[in-house]
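Each chain gets a letter, A, B and so on, in the order its sequence line appears, and its residues count up from 1.
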Protein chains: 2
Amino acid sequence: MSFALDDLDEVSQTLKLLGDKTRLTMMKLLEKQECCVCELVEIFKTSQPSVSQHLRKLKDAGLVKEHRKGQWIFYSVNPNSMQNELIQKLIAFVPSQDHELEELDKKGLRISCD
Amino acid sequence: MSFALDDLDEVSQTLKLLGDKTRLTMMKLLEKQECCVCELVEIFKTSQPSVSQHLRKLKDAGLVKEHRKGQWIFYSVNPNSMQNELIQKLIAFVPSQDHELEELDKKGLRISCD
DNA sequence: TCATTATATAACTATATGCTTATATAATCA
DNA sequence: TGATTATATAAGCATATAGTTATATAATGA
């Protein structure tokens with residue numbers, strides 16, 4: 001069961017976070033598929049600190065979770081966040097990012113473990 | 001018929017706009033009921049220029065419409081905006097602002113024309 | 001253990017944002 | 001017409017934000 005998020009501050013805080021193109025796209029990507037930082041650096045064509053700082057904000061808000069696999073840290077959307085119902089509705093409006101993941105595969109830059 | 005808003009920039013731009021507590025609350029209010037600037041000044045307990053500037057941003061994005069009645073200019077949510085489907089989903093998560101309108105009535109500060 | 005790779009964090013900078021004060025425009029009313 | 005009321009806009013300021021560079025931490029592998 002997901003309980004409704006009915007608090008003005010939390011809604012506006014969440015919208016402010018996702019009012020950034022990079023973070024909004026990240027959520028769309030990480031909803032479908034967990035990614036490590038270096039994959040996101042490749043996808044967003046930006047610096048590693050920039051990616052880490054965006055992820056930090058999403059994590060602080062509880063929107064993503066992380067787990068380490070060896071040297072990599074993988075991030076994905078936290079399905080148990082209080083804001084998840086809102087998040088799901090939002091990212092439905094964001095264009096699919098599947099092509100980004102396919103690009104990664106093509107370039108052989110996809111990280112996979114186990 | 002409402003057509004889906006499927007553009008990353010427009011979605012993130014809309015979320016950034018509504019990632020402000022004042023503007024988010026305004027949209028919730030103006031969805032239910034048109035208000036003039038002076039009513040919003042009373043409700044938000046802030047300055048008139050501040051309210052006007054927020055409304056300006058919402059209007060520039062096409063999210064609200066205005067019409068003058070005598071000396072007052074009334075604003076309301078524009079149901080024909082390209083983002084309306086997204087807006088409706090968003091403001092469903094915002095707590096009702098009915099009490100604000102009731103407060104106005106009680107204080108005799110509600111503007112009505114015709 | 002040392003070098004390499006992945007990630008996080010800190011400090012700095014440039015730009016964006018929201019509010020304030022002051023002023024301009026527009027409508028109403030005496 | 002002049003005073004009042006409602007609203008918009010401009011300029012200035014303080015804070016927030018996102019990116020950069022430099023550095024720290026952590027895991028891997030030779």
Worksheet item: Contact class for A/Phe44 (heavy atom, under 4.0 Å): base, sugar-phosphate, or nothing?
Response: nothing

Fill in: DNA chain D-proximal residues of residues 24-43 of chain A, any heavy atom under 4.0 Å
none

Worksheet item: Backbone N or O of A/Leu8 within a donor-acceptor pair of the A/Glu10 side chain at under 3.5 Å?
Response: no

Item to complete: Return the nearest nucleotide to the side chain of B/Gln71; candidates are D/dT20, D/dT5, D/dA18.
Response: D/dT5

Worksheet item: How long is the line joining CD1 of A/Ile111 and P of D/dT28, in whole Å?
Response: 14 Å

Fill in: Sugar-phosphate only, base, or nothing, as touched by B/Lys59 at under 4.0 Å among non-hydrogen atoms
nothing

Fill in: Length of the line joining B/Leu55:CG and D/dT9:C1', which is rounded to integer Å
14 Å

Fill in: Whole-Å gap separating C1' (D/dT28) and CZ (A/Arg68)
11 Å

Discussion item. Can you identify which nucleotide, out of D/dT20, D/dA18, D/dA27, has its nearest atom closest to the A/Asp20 side chain?
Written reply: D/dA18

Worksheet, complete the sentence: Its 5'-most and 3'-most nucleotides having an atom under 4.0 Å from a non-hydrogen atom of chain B, DNA chain C is contacted over C/dT17 to C/dT28

Fill in: Base D/dT20 to side chain A/Gln53, donor-acceptor N/O within 3.5 Å cut-off
yes

Discussion item. Students often get this wrong, so: under 4.0 angstrom with heavy atoms, is A/Lys21 touching a base, only sugar-phosphate, or nothing?
Written reply: nothing

Fill in: Check ion pair B/Lys28-B/Glu31 (N to O, under 4.0 angstrom)
no

Worksheet item: What does A/Lys57 touch in the nucleic acid at a heavy-atom separation under 4.0 angstrom: a base, only the sugar-phosphate, or nothing?
Response: sugar-phosphate

Worksheet entry | Backbone N/O of A/Lys89 and side chain of B/Lys89: donor-acceptor pair under 3.5 Å | no

Worksheet entry | Partner of A/Lys107 by salt bridge (Lys or Arg N to Asp or Glu O under 4.0 Å), out of A/Glu39, A/Glu42, A/Glu102 | A/Glu42

Worksheet item: Would B/Lys69 count as a cation-pi partner of B/Phe74, with NZ or CZ less than 6.0 Å from the six-membered ring centre and within 45° of the ring normal?
Response: yes

